[in-house]
Amino acid sequence: GGLGDIVATCVSHPFDVAKVRLQLAGELQSARVTFRDYRGILRRLCFSEGLPGLYGGLTAAWMRHSIFSTTRHGMYHVLVDRTGASSLPSRAACGLASGAAAA
C-alpha cells in the first residue's frame with residue numbers, strides 16, 4: 001500500500017515538477033516563455049538542471065506519502081475488518097473515512 005505509493009512517486013514526480021514550472025511560467029507574464037508543453041519543459045529541465053532538477057523535492061514527497069498513504073491504507077484495512085464491510089457502499093465509506101482521517 002504505502003510502499004507502492006512511494007515507488008509511484010518516483011515515476012510521477014518529474015511530471016509534478018514540470019506542472020509547477022508551467023504554472024509558474026503562466027503566472028509570470030513579463031518573463032519570456034520558451035516552452036508550452038510537458039515535453040518542452042521536461043527537455044529544458046533535463047538540459048539545464050539535469051536529474052536533480054527533475055527530482056528536486058522528492059524527499060518531501062516521500063515523507064508525505066510515507067505518512068499519508070500508509071495511514072490511509074492501514075486505516076482502511078482496520079475499518080473493513082472491524083466493521084465487516086463486504087458491500088461496495090460500506091467499503092466506499094471505509095475508504096472515505098480513512099482518507100479523511102489521514103488528511
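Atoms considered below: every heavy atom in the structure, side chains included; atoms not considered: hydrogens, waters and symmetry mates. Since this is a predicted model, take the numbers as computed values, not measurements.
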Please report, to 0.1 Å, the donor-acceptor pairs under 3.5 Å made by any side chain of residues 95-103, with sequence neighbours excluded.
from	atom 1	to	atom 2	distance (Å)
S98	OG	C94	O	3.2
S98	OG	G95	O	3.1

Seminar exercise, completed: In this structure, CG of L58 is separated from SG of C10 (nearest 0.5 Å) by 5.0 Å

For this session: Could you grab the distance from atom CG of L54 to atom CD of E49, nearest 0.5 Å is fine?
Result: 8.0 Å

For this session: Please report the C-alpha distance between L42 and F15 in whole Å, then the side-chain angles of each, then the deciding distance to 0.1 Å, and finally whether the side-chain contact (heavy atoms from CB on, under 4.5 Å) criterion is met.
Result: CA-CA 8 Å; L42 289 172; F15 296 103; 3.7 Å; yes

Seminar exercise, completed: Heavy atoms of S86 and S90 approach each other most closely as N-OG, 3.5 Å

For this session: Using the rule that two of Ile, Leu, Val, Met, Phe, Trp, Tyr join whenever any of their side-chain heavy atoms come within less than 4.5 Å, decide whether V17 and L51 are in one cluster.
Result: yes

For this session: Determine, stepwise, if the pair S66 / I6 fulfils side-chain contact (heavy atoms from CB on, under 4.5 Å).
Result: CA-CA 7 Å; S66 67; I6 292 169; 4.0 Å; yes

Exercise. Atom CD1 in I41, atom NZ in K19: separation rounded to 0.5 Å?
Worked result: 13.5 Å

Problem set entry | Selection residues 67-82 - residue pairs positive for salt bridge (Lys or Arg N to Asp or Glu O under 4.0 Å), sequence neighbours left out | D5-R72

Problem set entry | Interatomic spacing from CG in L79 to CE in M75 - rounded to 0.5 Å | 5.5 Å

Problem set entry | Considering all heavy atoms, the nearest S48-R44 contact | OG-O, 2.7 Å

Exercise. Under a 4.5 Å cut-off applied to non-hydrogen side-chain atoms, are W62 and T59 in contact?
Worked result: yes

For this session: Step by step, work out the side-chain hydrogen bond (donor to acceptor under 3.5 Å, both in side chains) result for T9 and H13.
Result: CA-CA 5 Å; T9 300; H13 190 73; over 6 Å; no

